[in-house]
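Down below is the structure, laid out as structure tokens.
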Amino acid sequence: MQGWKRSHACGVLGLAQTEQEVTLTGWVARRRDHGGLIFVDLRDRTGIVQIVFTPDMPDNAFHKAEALRSEFVIAVKGKVSARPEGTVNPNLATGDIEVYCSALRLLNAAKTPPFYIADEVDVDESIRLKYRYLDLRRPEMQRNLVLRHRVTKAMRDFLDRHDFVEIETPIMTKSTPEGARDYLVPSRVNPGKFYALPQSPQIYKQLLMVAGLERYFQIARCFRDEDLRADRQPEFTQLDLEMSFVEREDIMEIMEDMIAYLFKEAIGLEVQRPFPRLTYGEAMDRFGSDKPDTRFAMELIDVSPALESCGFKVFQSVIAAGGRVKGINAKGCANMPRREIDGLVDLVATYGAKGLAWMQVTPEGVKSPITKFLSEGELQHILDRMEAAEGDLLLFVADIPAVVAASLGALRLELGRRLNLIDADKHNFLWVIDFPMFEYDGEEQRWVAMHHPFTSPQDDDIALLDSDPGQVKAKAYDMILNGTEIGGGSIRIYDRALQEKLFVTLGFSKEEAWNQFGHLMEAFEYGTPPHGGIAFGLDRLVMLMAKRGSIRDVIAFPKTQSATDVMAQAPSEVSPKQLRELHIKSEVVLKK
RNA sequence: GGCCCGGUGGUGUAGUGGUUAACAUGCCGCCCUGUCACGGCGGAGAUCGAGGGUUCAAGUCCCUUCCGGGUCGCCA
């Protein structure tokens, strides 16, 4: 800084500072050189202000300004002046004023950046990631990170007021079966043994409840070695919390409070409360999803009852085998070209649907490849059930319930997007409750926990654990915003015997269960309060607040889809010495 | 692991078998005292992701591979 001290941020200047001498610092966003007059847009974190240089200025400032280039770092002393009439720039927050430079210092020069530092630039994401420090100079990215800060700040404020204690739990912990693939860390001092990075602090936070902390939270980094998506990174952040002496309702109520507070504080949005609730069953039936986007209707309609004995063998046999025939009504799409319908067939096929039946409701009647197999009455029943009107396109999938839900749920979302039915300004929060405790894993031939194995079954269903695990409902709840799961949690098991029984239902032997989770079950025997909690995906939450399509835009240094950091070049090979010390031998099997 | 989209000067794109690969922007130089995506004139800048093949001829067609993105599986 060469002895200078910054007096103001660029973005705060306005007519109120007129005639003040200021010292500003920042980056050269643009230089407009008119020969005998130079304008420099000076950018710092807060915004942009115009600096004016003329040849009569002291400090040889004008000639120094001639040498300025994009992204040079400079300090400027000067006087704030109202702009001459006709030169006010209404597109700039500081556009009423400009700063007449009286002294200029070049703090650091810069190479020409590989892309413009501006919001509207459209640059390949791999270039942005390679030069992430330049990407993060863009005002939009800075807004995202600042928003993220505001959200976590508001979380801490709210939870502190509600007597939660922020506690850190280990990053190096124990690998456990169930759930996602673990990231492993070899132990140098324990040859052949590995730590695992936590998929979530689940067991530790339950142990904190046993310990009597009563209310815990943590803004916790979690790690899962699974394939990446727009909303999934191998390391991500959760707001993780747990409360003792509570029921489901207590947690849901305080979390609605918190979310409303976050949205008010961070983006000034008044959230409508209470949040609507859907049971898992209802969500799957009506929307084909356990995280329904309720910003538009187009609900799934079950037309099976009328088709049990219909002439269309595909429908009839699916129903006979216990499947369903359901449809959605794409209002006003009767004239969708055949080619586009074929595209929809491909779409549902990715979700396992073997076909997509369609009916165009035209002025000349219903056009469809399948009407010839249906009786007058069956067809009319379908049209009534679907509330079909002239101009509508009806789309049907017949399959086992899971495939019907997945394919029509995805089709509904796709059509909602294409038909512009989704109001981007809406914020539809809701809870999904009464999840099944288990789902059957055909590959492993056993029941697996839908939420996690520490979730309490609902009291009335405990008797079904042996006889009919598929019918057992869990004391679990997910918070959904606009079709994205932003949080999920449950009331936990706090009884050793019940926890042990649950592991047995999941196919563990008693020994395996104690080997893996013995410390939790032993703890349960020393006076464990009833407890439950929830975890929110911070990245997704901030992504939705920032109206971005990927959590990469709200993470400072994210990884690519192949889980690499293209800037730091991680992961990387390590020296043989490092491997030796860790008792590791790497045998990369190269494909021929 | 599967499917889909993309990879061409620094950046973003055009180029569907045939001259010297085009355009915009950025960059460099000169000119310019009210611009704000300043303007004018001139200039440099590309082994078309990589490898192989087909062809008289390949940015373009074929195969393999790498990289980025989306998605299914996967993600208690």
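Bear in mind that the values here come from a model prediction, so they are computed numbers and not experimental data. These values consider heavy atoms only, across backbone and side chains, with no hydrogens, waters or symmetry-generated copies. Quick note on labels: first sequence line is chain A, next is B, and so on, each numbered from 1.
A donor and an acceptor atom never sit less than 3.5 Å apart when one is taken from the side chain of A:Glu85 and the other from the base of B:G34. Not a single donor-acceptor pair, N or O on each side, falls under 3.5 Å between the base of B:G69 and the side chain of A:Arg128.
At whole-Å resolution of the value, CD in A:Gln233 and C1' in B:G69 are 13 Å apart. B:U35 atom P lies 10 Å from atom CZ of A:Arg32, rounded to whole Å. Going from atom CD1 of A:Ile551 over to atom C1' of B:C75 covers 12 Å, rounded to whole Å. If you take CZ of A:Phe39 and P of B:C38, they are 11 Å apart, rounded to a whole angstrom. Here the P atom of nucleotide B:G69 and the CD atom of A:Gln561 are 6 Å apart, to the nearest Å. Rounded to an integer number of Å, the gap from A:Tyr351 OH to B:C74 P is 13 Å. As rounded to whole Å, 10 Å separates atom P of B:C32 from atom CD of A:Glu66. A:Phe53 places its CZ atom 14 Å from the C1' atom of B:U35, with the value rounded to the nearest Å.
Checked by atom type, the side-chain pair A:Tyr100/A:Thr54 shows no donor-acceptor distance below 3.5 Å. Using modelled atom types, one finds no donor on one side chain facing an acceptor on the other under 3.5 Å when comparing A:Glu522 with A:His519.
Checking B:C36, B:G34, B:C72 against the side-chain heavy atoms of A:Tyr100 singles out B:G34 as nearest. When distances run from any side-chain atom of A:Arg232 to the nucleotides B:C74, B:G34, B:G68, the shortest one goes to B:C74. Nearest to the side chain of A:Thr560, among B:U35, B:G1, B:G69, sits B:G69. Distance from the side chain of A:Ile127 is smallest to B:G12 among B:U33, B:G68, B:G12. Here B:G68 is the nucleotide among B:G34, B:C75, B:G68 with the atom lying nearest to any side-chain atom of A:Val566.
Put simply, the side chain of A:Arg31 gets close to the backbone of A:Glu66: a donor and an acceptor are under 3.5 Å apart.
B:C67 sits 16 Å from B:G49 when the P atoms are compared, rounded to a whole Å. Only the C1' atoms considered, B:G51 is 36 Å distant from B:G43, to the nearest whole Å.
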Contact letters for nucleotides 22-28 of chain B, in which S counts primed atoms plus P, OP1 and OP2 and B counts the base, heavy atoms under 4.0 Å: ---SSSS
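In this structure, A:Tyr133 and A:Tyr131 have perpendicular ring planes: the angle between them is above 60°, well past the 30° mark. Under the 30°/60° scheme for interplanar angles, the aromatic rings of A:Phe503 and A:Phe517 are found to lie parallel.
Pair assignment for B:G6 gives B:C67, based on Watson-Crick or G-U wobble hydrogen-bonding distances that are each under 3.5 Å. Applying the Watson-Crick and G-U wobble criteria (two distances, each under 3.5 Å), B:C61 pairs with B:G53. Across every strand in view, B:C74 sits unpaired, with no contact that passes the Watson-Crick or G-U test at under 3.5 angstrom. Shown here, B:G12 forms a base pair with B:C23; the pair counts as Watson-Crick or G-U wobble because both key distances fall under 3.5 Å.
Between the SG atom in A:Cys222 and the CZ atom in A:Arg224 there is a gap of 6.5 Å [rounded to 0.5 Å].
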Strictly under 3.5 Å: I want the nitrogen or oxygen pairs between protein and nucleotides 2-8 of chain B, one per line.
none

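No more than 12 heavy atoms of other residues, nucleotides or ligands shown are found within 6.0 angstrom of CE on A:Met172.
Stacking between A:His34 and B:C38 is shown: the ring centroid lies under 5.5 Å from the centre of the six-membered base ring, and the planes differ by under 30°.
At the heavy-atom level, A:Asp33 lies under 4.0 Å from base atoms of the strands shown.
Note on residues 338-347 of chain A: pairs passing side chain to side chain donor-acceptor pair (under 3.5 Å), not counting sequence neighbours, are A:Glu340-A:Arg418.
Salt-bridge annotation for A:Glu125 and A:Arg132: absent, with no side-chain N of the basic residue lying under 4.0 Å from a carboxylate O of the acidic one.
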